[in-house]
Amino acid sequence: MRYKLSEIVDIIGGGTPKKSTPEYWNGDIPWLSVKDFNNDYRYVYETEKTITKAGFNNSSTKMLKRNDSIISARGTVGKMAMIPFHMAFNQSCYGLRAKESIVDSEYLYYLIRHNVVALKKNAHGSVFDTITRESFDSIEVELPSLQAQVIVASILGNLDDKIELNTKINNNLEQQARSLFRSWFIDYEPFEYRMPNNWKRGKLRDVLQLKRDSIKSANKNTLPYLPIDIIPMGTFALTNFKSNKEAKSSLITFEKDDIIIGAMRVYFHRVVIAPCDGITRSTCFILKPLQKEYLSFALLYCDQDSTIDYAQSTSKGSTMPYAIWDGGLGDMEITIPSLQIAQKFNELVYPMICQIQNTYFENNRLRELRDSLLPKLISGELDVSNIEI
């Protein structure tokens with residue numbers, strides 16, 4: 001049967017608790033804003049803010065429950081996620097609750113994702129694009145049986161679950177790598193809690209060289225493009241590239257295993273290791289170990305908050321600060337372990353790095369498969385009637 005989108009969902013408006021509430025933030029109810037979710041993962045888990053129950057009880061604040069969907073509705077519209085447990089959310093979003101007698105809640109999530117482009121076309125606003133309740137009223141969809149909806153949602157959900165599992169494994173590997181770095185090179189646990197005598201004081205440039213291999217836009221060929229804005233913050237696992245058609249100027253190349261640091265506004269902590277060759281812009285540092293045995297040590301050193309703080313403190317420019325290498329990060333004093341210890345550390349950590357790099361390619365293939373199946377399953381082009389789950 002055909003329905004308007006507005007006929008199969010309850011649309012819930014968000015709201016921010018009033019600051020006059022005696023107890024406002026830092027309570028036990030997660031509070032979502034648009035930056036807390038994106039289209040890369042189905043569920044949203046982590047938020048930077050929580051509200052107290054007193055704040056939630058304020059009438060302007062709404063709550064979403066497990067398997068509701070949320071969509072950004074103002075400014076950057078169309079970002080989506082599903083809700084894993086009770087969460088409050090702000091007024092720049094809509095909560096979408098399935099009318100379960102008509103539509104399965106997980107199927108609804110994928111159905112809305114399939115219709116995001118249409119929703120964007122029906123956005124309003126002179127200053128900011130805004131999805132309104134009327135936007136949902138203007139789009140009609142064909143719904144299969146509830147049984148078919150569950151099958152479609154299961155197929156797509158299994159792909160998303162695998163992507164999320166891979167991401168959790170990556171996060172765990174990163175935590176292990178950081179823990180090992182702290183144990184070896186900050187606390188000196190394997191060395192009876194004392195720095196070995198054959199280690200030396202030096203500078204970051206003594207283990208890393210800055211690469212400045214420029215490339216003209218006309219010669220970029222098919223190298224994937226990594227602009228600074230899609231380098232993730234707080235993780236050295238890349239999740240995405242852009243088409244090199246978007247690479248226009250000030251381009252530099254990097255190679256697999258190069259360390260890439262976002263130098264513009266370095267305080268955003270964009271530190272990653274390249275899973276393949278590619279191109280970025282000169283707003284990034286491209287760093288390569290002078291000796292391959294120091295790769296893991298150098299990556300984890302660059303990832304330290306203290307390193308980012310140093311890069312920020314020596315940055316140039318007030319409105320748009322840029323980290324600098326000469327006279328800045330490259331001259332940061334560090335303790336350099338012996339080659340033998342660096343090699344042993346690399347033998348422990350580099351396999352973790354390789355796993356993280358390989359996950360990028362696997363997740364990319366899974367996303368491509370999911371995104372190619374989505375329209376075919378939603379439209380009914382692929383028949384799921386004979387599939388058992």
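Position 1 is the first residue of the sequence; numbering continues from there.
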_Distance-only donor-acceptor check, side chains Gln357 and Asp257, under 3.5 Å_ = yes
*Can you sort out the partners of Arg97 under side chain to side chain donor-acceptor pair (under 3.5 Å), two or more places apart, ordered by chain and number?*
Asp68
*Taking the side chain as every heavy atom from C-beta outward, state whether Tyr110 and His114 have any pair of such atoms under 4.5 Å apart.*
no
*Minimum heavy-atom distance between Val34 and Ser92, given as atom pair plus value*: CG2-OG, 3.5 Å
*Flag yes if more than 12 heavy atoms outside Lys35 fall under 6.0 Å of its NZ atom; otherwise flag no.*
yes
*State, yes or no, whether a side-chain contact exists between Leu210 and Ile286 at a heavy-atom distance under 4.5 Å.*
no
*Side chain Asn346, main chain Ala342, donor-acceptor under 3.5 Å*: no
*Run the ring-centre check on Tyr301 versus Phe185 and record whether the distance is less than 6.0 Å.*
no
*Nearest non-hydrogen partners of Ile260 and Ala274, listed with the distance*: CD1-CB, 4.1 Å
*asked:* Strictly by side chain to side chain donor-acceptor pair (under 3.5 Å), give each pair with a member in residues 322-341 just once, sequence neighbours left out.
replied: Arg201-Thr335, Arg205-Asp326, Arg205-Asp331
*For Phe85 against Pro30, the heavy-atom pair lying closest together*: CE1-CG, 3.8 Å
_Considering only residues two or more places apart or on different chains, which pairs with a residue in residues 284-295 satisfy side chain to side chain donor-acceptor pair (under 3.5 Å)?_
none
*Between His269 and Asp303, is there a donor-acceptor pair closer than 3.5 Å when you use the side chain of the first and the backbone of the second?*
yes
*Please answer: with hydrophobic residues joined when any side-chain heavy atoms are less than 4.5 Å apart, are Leu180 and Leu300 in the same cluster?*
yes
*Can Leu208 be reached from Leu339 by stepping across I, L, V, M, F, W or Y side chains whose heavy atoms are under 4.5 Å apart?*
yes
_Flag side-chain contact, heavy atom, 4.5 Å: Leu204 against Leu329_ = yes
_Taking every non-hydrogen atom, the tightest pair across Ile387 and Ile151_ = O-CD1, 3.4 Å
*asked:* Hydrophobic cluster membership, with links at side-chain heavy-atom distances under 4.5 Å among I/L/V/M/F/W/Y: are Met87 and Phe37 in one?
replied: yes
*asked:* Within the structure provided, determine whether Tyr3 and Ile102 are in side-chain contact (heavy-atom separation under 4.5 Å).
replied: yes
*Hey, do the aromatic rings of Tyr360 and Phe241 have their centres closer than 6.0 Å?*
yes
*Hey, which of Lys242, Arg270, Arg281 is the one that makes salt bridge (charged side-chain N to carboxylate O under 4.0 Å, His left out) with Asp229?*
Lys242
*Shortest non-hydrogen contact from Pro232 toward Thr235*: CB-CG2, 3.6 Å
